[in-house]
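A short worksheet on the structure shown next.
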Amino acid sequence: MILTLFFVAAMLMISILLSPLSNRIGLPVLLLFLGVGMLAGQNGFGHLLPADTETTFMVGHLALAIILLDGGMRTRAETFRVGLKPALTLATLGVVITAAITGLAAVWILDLPLIYGLLIGTIISSTDAAAVFALLQNRGLRLNQRVSATLEIESGSNDPMAIFLTIVLLELIIQETPPNALEAVWLLIKQLSLGGIGGVLGGLLLAWLLKRFALIDAFYPLLVTAAGLSIFSATTLLDGSGFLAIYLMGVIVGNRKVRRMEDILQVHDGLAWLAQLCLFLMLGLLLAPEEKMSHILEGVLLGTVLILVARPLAVALTLWPFGFRFKEQLFIAWVGLRGAVPIVLALFPLMAGIDSAHLFPTIAFIVVIMSLLVQGTTLAASARWLKLELPAEPKALQHSALEWSDDTQHQLMVFELDGEHWTPPRSLTGIRLPDGIVVCAVLRNDQLIPWQETLKLSGGDRLAVIGPVDTEAALARLFSSTESIPALRENVFFGLFELDAAIQIKDLQTSFGIDVEGADSQQSLADYVASRLPNHPVVGDRVKIGPVTLVVKAMQGDTIIRVGLKIS
């Protein structure tokens, strides 16, 4: 027992310490975790950890639930405005298309019966956005909201479809009287409806509990975890989609004003990483023996079909009606990163005991490795190449939420002053700060100096400020170092000129001599740009007018408020 505990703790520690290699060598950190598990298994240490099928199956379900709960709490409600319909279409019809094309390829590549090939295609059809956004965040990427919203919502809602298809195909294989089409449709409706109802009711109840009960600070994250797993388990026992339920529960809680939300998110970020780490370590141990890797060539061929044919076709057919640009479709297709879900689904055939059951986790393992190596290492570069990366938003050096009432959202922010902008030293007199800002103190040469309006600030000073949460970006532009505010990149992306979107077209024509054909001269710039776009405008959208390009720079809800002007 103690030896097993030591082995598990040592593996976790080694994996975490190796994680900085992810940024240095460009490999996804999950691949490092998988490698540590395989290395331990190959050297005979795997027997110290019970990495059998049932244990891995249980760990996989628990890990997926925690990952989806964390992802749901980080999904902002406004993303549903621009990404709900395309994401749900991609998460349902897109999964079916991906599974069908990959399944037909598996029939030919692996010489399998049609039903077995479709089962393999279904198992590897679901994406792992938790790994995707971990990679994008580590690279410091900020994506076009239309793309990021679609990927976020798809990741939380495509698992039920993949699980449903897997269960139906397994039933067709093992049952003497397999379910008919009506029964299969009823199973899908029951999974989605019970998952949706359970998630919404559970989220509302949990949000109420978090507001109603005053707990020890450390108990808030634990309450969220326990409630999430309770809803997940109860919904699954009722034959609903527990994965959809826990994701929706996270979305509802994450978008409501509840106590200690920042602490909850911080703890669950660690829990989500721990869940992925444990899952990939277990997979490495389970699939370490060399005899289970006898289908590498077939797995690589199938992964190639999935990455280059099935996923792109599914994305093109499902997102084209929603007006996505070709570059956006191409990136979403490339971000179809495989990870935790195929691993867990590949264990279903083993649990069912069907013929050639060992083939499914082996193929899933090879496809996941290939996806992490090929797609995972090129996500950041592909986003930049396709020009879908937005300039990074400036942020405070540190910030901490102040929860002194239920009706206010203030935080303590610390900004480091840029030497170039604050040389020679000067005070804040004459500088217009956002409303509701209170400057508290200055840290200079490790000495805390009480704030005075006449105090002159210099480069290297750290300024402590209390203010509304939505003022952070504006303050960061005034105070933060130039390293954290890529002003030059902003000018390159949005253009040197920034325009108020409320101005009329005639003002644009007068000021810049631009002839806007077919436009009402009384029309506002915001309405004109929105009318030229095929869907909801988001920051980064572009409209070309002769020698200039108008770039959406800032939004307020559905309304464009600032537009950048680039001269070609």
Side-chain angles (χ1 to χ4, degrees), residues 58-59 61-80 130 152-153 155-157 159 193-238 240-276 278 396 398-413 436 438 440 466-472:
M58 182 185 68
V59 171
H61 270 68
L62 179 62
L64 281 177
I66 291 175
I67 291 167
L68 286 172
L69 177 60
D70 178 70
M73 288 191 292
R74 296 176 190 279
T75 301
R76 300 275 61 85
E78 55 266 23
T79 64
F80 286 84
E152 284 180 16
I153 300 171
S155 69
S157 54
D159 300 335
S193 58
L194 289 177
I197 294 170
V200 171
L201 293 180
L204 293 175
L205 177 61
L206 178 57
W208 180 81
L209 290 174
L210 290 170
K211 290 181 179 180
R212 179 69 178 80
F213 290 90
L215 306 173
I216 298 173
D217 289 349
F219 281 179
Y220 287 98
L222 296 179
L223 175 61
V224 172
T225 305
L229 293 178
S230 297
I231 292 296
F232 170 78
S233 304
T235 306
T236 303
L237 287 173
L238 294 173
S241 173
F243 296 109
L244 179 60
I246 199 169
Y247 173 74
L248 289 178
M249 182 180 184
V251 171
I252 291 175
V253 172
N255 285 279
R256 289 182 171 262
K257 295 179 181 179
V258 299
R259 293 174 178 171
R260 315 308 302 175
M261 194 64 214
E262 188 172 345
D263 294 339
I264 292 171
L265 288 175
Q266 188 172 6
V267 171
H268 275 267
D269 188 33
L271 287 177
W273 272 111
L274 180 63
Q276 294 191 79
C278 290
Q398 301 175 37
H399 61 85
S400 179
L402 300 174
E403 299 182 358
W404 42 34
S405 77
D406 294 335
D407 299 324
T408 59
Q409 285 187 304
H410 288 85
Q411 62 182 357
L412 174 65
M413 298 167 277
V438 176
C440 304
I466 292 178
V469 173
D470 57 6
T471 61
E472 181 176 347

Residues, nucleotides or ligands: over 12 heavy atoms within 6.0 Å of E262 CD: yes

Quick check for you: to the nearest 0.5 Å, what is the distance between L248 atom CG and I252 atom CD1? 6.5 Å

Smallest heavy-atom separation, A218 atom then P221 atom, equals O-CD, 3.4 Å

Please examine the side chains of L194 and L244, heavy atoms only from C-beta on, and report whether any two atoms are closer than 4.5 Å. no

Going through the checks in order, is the side-chain contact (heavy atoms from CB on, under 4.5 Å) test met by M249 and F232? CA-CA 9 Å; M249 182 180 184; F232 170 78; over 6 Å; no

To the nearest 0.5 Å, what is the distance between CE on M413 and CD1 on I466? 8.5 Å

For T225, side-chain contact (heavy atoms from CB on, under 4.5 Å) partners two or more places apart: L229, H268, L271

Roughly how far, to the nearest 0.5 Å, is the CG atom of D269 from the CG atom of L274? 11.5 Å

Walk me through whether Y220 and M261 qualify under side-chain contact (heavy atoms from CB on, under 4.5 Å). CA-CA 8 Å; Y220 287 98; M261 194 64 214; over 6 Å; no

Minimum heavy-atom distance between V253 and A207, given as atom pair plus value: CG2-N, 4.3 Å

To the nearest 0.5 Å, tell me how far D263 CG sits from S400 OG. 7.5 Å

Is the shortest heavy-atom distance from the side chain of L215 to the side chain of R260 under 4.5 Å? no

Over 60° means perpendicular and under 30° means parallel, so tell me whether F213 and W208 are parallel, tilted or perpendicular. perpendicular

For a side-chain contact (heavy atoms from CB on, under 4.5 Å) check, start with the C-alpha distance between T235 and I197, then their side-chain angles and the critical distance, and finish with the verdict. CA-CA 9 Å; T235 306; I197 294 170; over 6 Å; no

Can you tell me if I216 has over 12 outside heavy atoms packed within less than 6.0 Å of its CD1? no

Please tell me if the side chains of R256 and L210 come closer than 4.5 Å, counting only heavy atoms from C-beta onward. no

Minimum-distance pair of heavy atoms, taken over all atoms of Y247 and I153: OH-CA, 3.7 Å

Gap between atom CD1 of I231 and atom CG of L205 - 0.5 Å precision: 7.0 Å

Does the side-chain contact (heavy atoms from CB on, under 4.5 Å) test come out yes or no for L69 and I246, once each step is laid out? CA-CA 6 Å; L69 177 60; I246 199 169; 3.8 Å; yes

For the CG atom of L222 and the CD1 atom of I264, what is their distance to the nearest 0.5 Å? 10.0 Å

For D470, check side-chain contact (heavy atoms from CB on, under 4.5 Å) against everything at least two apart and list the hits. P468

